[in-house]
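Step one of this worksheet: look at the structure below.
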Amino acid sequence: FRLHRYLDHPVMKHVQELELYSTDLGEEGLEPLMHATTLDQVRTLTISDCNVQPDHVVGLLHARSLLSLSELHICWDSLGDEVAYAITESWRAEQLRTLELTRANLSEKAATALMQCPQLASLQKLDLSHNALGATVIQHLQEGTTMHSLQALELCDCDIPKGYIGRLSS
């Protein structure tokens, strides 16, 4: 699959949602997205089970393409903490309203960094499901988060001990 062949097509200038599911992007990875000039209208980007490398996602976060991006979904690619930390350091973090990092192999420390990142204050939805986050995440949520606009938090299958979720309501 050669992504760059499609990105230069004129119809791409009007695309607002770009979803890449179960697509082995090969060695070129996300490189074409980083240099695309036709993706200014894309608001939602989903990369799911695409065998991408962490450095390509980090590069995409710092690229000047995808200027309208407000929803980022990265699923089923075990990218690790590097991507979470790159999000907290990216100029793009302030414009994100939805962030999904499911089954990304995130640590408790990386999840906490996301929840305490001032640049993510406008985030409305955070999904960290299927990451082994444990009870520490709940403790940090109780202590406070910088995500003052958060309306939805998904922590499905995160190895949170029984009884800890109830502590969020107290």
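Just so you know, these numbers come straight off a predicted model, no measurement behind them.
- Residue Val58 is not grouped with residue Leu30 when hydrophobic side chains (ILVMFWY) are merged at heavy-atom distances under 4.5 angstrom, including chains of intermediate members.
- A single hydrophobic cluster is not seen to contain both Tyr85 and Ile74; linkage of ILVMFWY side chains at heavy-atom distances under 4.5 Å, directly or through other members, places them apart.
- Looking at every heavy atom in both residues, Lys13 comes nearest to Thr37 through NZ-O, 4.4 Å.
- Clustering ILVMFWY residues whenever any of their side-chain heavy atoms sit less than 4.5 angstrom apart, transitively, puts Val83 in a cluster other than the one holding Trp76.
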Test log, rule side chain to side chain contact (heavy atoms under 4.5 Å, CB included), inputs Val52 and Leu20: CA-CA 11 Å; Val52 295; Leu20 302 169; over 6 Å; no
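- One finds the CG atom of Asp81 at 3.0 Å from the OG atom of Ser107 (value rounded to the nearest 0.5 Å).
- Atom CG of Leu79 sits about 8.5 Å away from atom CG of Leu106, to the nearest 0.5 Å.
- Pairing each heavy atom of Ala111 with each of Leu133, the nearest pair is CB-CD2, 3.8 Å.
- At distances below 3.5 Å, not a single donor-acceptor pair connects side-chain atoms of Ser65 with backbone N or O atoms of His35.
- With rounding to the nearest 0.5 Å, the separation of CG in Leu123 from CD in Gln151 is 10.0 Å.
- Expressed to the nearest 0.5 Å, how far CG of Asp55 lies from CD of Glu82 amounts to 6.5 Å.
- Considering every non-hydrogen atom in both Asn105 and Asn131, the closest pair reads N-OD1, 2.9 Å.
- Between the CG atom in Leu61 and the CE atom in Met34 there is a gap of 9.5 Å [rounded to 0.5 Å].
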Full working for side chain to side chain contact (heavy atoms under 4.5 Å, CB included) between Leu120 and Leu126: CA-CA 10 Å; Leu120 291 172; Leu126 177 63; over 6 Å; no
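- Counting all heavy atoms, side chain and backbone alike, Cys50 lies closest to Ser22 at SG-N, 4.2 Å.
- The only member of Thr46, Thr44, Ile47, Leu45 that meets side chain to side chain contact (heavy atoms under 4.5 Å, CB included) when paired with Glu19 is Thr46.
- Rounding to the nearest 0.5 Å places CG of Leu39 at 9.5 Å from CG of Leu67.
- When the side chains of ILVMFWY residues are joined at heavy-atom separations under 4.5 Å, either directly or via intervening members, Leu150 and Leu114 end up in a single hydrophobic cluster.
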In residues 153-161, what donor-acceptor pairs under 3.5 Å come from side-chain atoms, sequence neighbours left out?
unit_1	atom_1	unit_2	atom_2	d
Glu154	OE2	Lys125	NZ	3.3
Asp157	OD2	His130	ND1	3.2

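- The heavy-atom pair separating Leu18 from Val15 by the smallest distance is N-CG1, 4.4 Å.
- Under the side chain to side chain donor-acceptor pair (under 3.5 Å) criterion, the residue pairs touching residues 87-101 are His73-Glu100, Glu100-Thr102, with sequence neighbours excluded.
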